[in-house]
Amino acid sequence: MQALPVYVISLKSATDRQSLVAAHLGALDIHYELCEAVRGDALTPQRRHEINPAGNMSAAQIGCYVSHIQIYERM
């Protein structure tokens, strides 16, 4: 039995990556939950500013940050 949950963050469009991860983790009998990544560049400038008022993160970094926060909230 798997002791810890495994989450895989992936952009919806990254189907090749998702297939590779599924094959790899399946071969190891690791069950996982696929979680759609947030694209920082798809957020409004206002929302990016709310998340990062200092303005020191790129849109990609903000997307990565928000994607991980969503996983932490699930846990």
Side-chain angles (χ1 to χ4, degrees):
M1 177 183 253
Q2 187 170 299
L4 296 172
V6 174
Y7 300 96
V8 174
I9 300 171
S10 180
L11 291 169
K12 190 175 187 175
S13 61
T15 55
D16 289 345
R17 179 178 184 271
Q18 293 166 22
S19 296
L20 287 172
V21 168
H24 181 72
L25 295 180
L28 297 171
D29 197 30
I30 295 175
H31 303 280
Y32 68 95
E33 181 179 344
L34 184 62
C35 302
E36 187 175 342
V38 174
R39 290 187 55 102
D41 60 356
L43 300 172
T44 65
Q46 179 181 345
R47 183 67 182 128
R48 287 195 303 267
H49 178 73
E50 289 169 359
I51 295 165
N52 180 41
N56 59 352
M57 291 169 42
S58 69
Q61 290 170 319
I62 292 170
C64 182
Y65 168 79
V66 173
S67 298
H68 281 82
I69 291 296
Q70 289 177 348
I71 298 302
Y72 300 144
E73 289 172 347
R74 288 182 192 201
M75 294 195 289

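Everything numeric in this text was worked out from a predicted model, so none of it was measured. When reading the values below, keep in mind they use all heavy atoms of this one structure, side chains included, and skip hydrogens, waters and symmetry mates.
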Leu4: partners by side chain to side chain contact (heavy atoms under 4.5 Å, CB included), with sequence neighbours left out:
none
For Arg39, give me all partners under side chain to side chain contact (heavy atoms under 4.5 Å, CB included), at least two apart in sequence or on another chain.
Leu11, Asp41, Ala42
Any residue meeting side chain to side chain contact (heavy atoms under 4.5 Å, CB included) with Ser58, in chain and number order, not counting sequence neighbours:
Ala60, Gln61
Cluster link Leu20 to Leu25, ILVMFWY, side chain under 4.5 Å:
no
For residues 7-16, which residue pairs pass the salt bridge (charged side-chain N to carboxylate O under 4.0 Å, His left out) check, not counting sequence neighbours?
none
Keeping His49 on the side-chain end and Pro45 on the backbone end, is there a donor-acceptor pair under 3.5 Å?
no
Enumerate the residue pairs fulfilling salt bridge (charged side-chain N to carboxylate O under 4.0 Å, His left out) with a member in residues 59-69, sequence neighbours excluded, ordered by first and then second residue.
none
Applied to residues 48-61, the salt bridge (charged side-chain N to carboxylate O under 4.0 Å, His left out) test, sequence neighbours excluded, yields Arg47-Glu50
Hydrophobic cluster of Tyr72, others only, ordered by chain and residue number, side-chain cut-off 4.5 Å
Tyr7, Ile9, Val38, Leu43, Ile51, Met57, Ile62, Tyr65, Val66, Ile69, Ile71, Met75
Scan residues 19-38 for pairs that pass side-chain hydrogen bond (donor to acceptor under 3.5 Å, both in side chains), counting only residues two or more places apart or in two chains.
Glu33-Arg74
Test side-chain contact (heavy atoms from CB on, under 4.5 Å) applied to Val8 and Gln18, step by step
CA-CA 9 Å; Val8 174; Gln18 293 166 22; over 6 Å; no
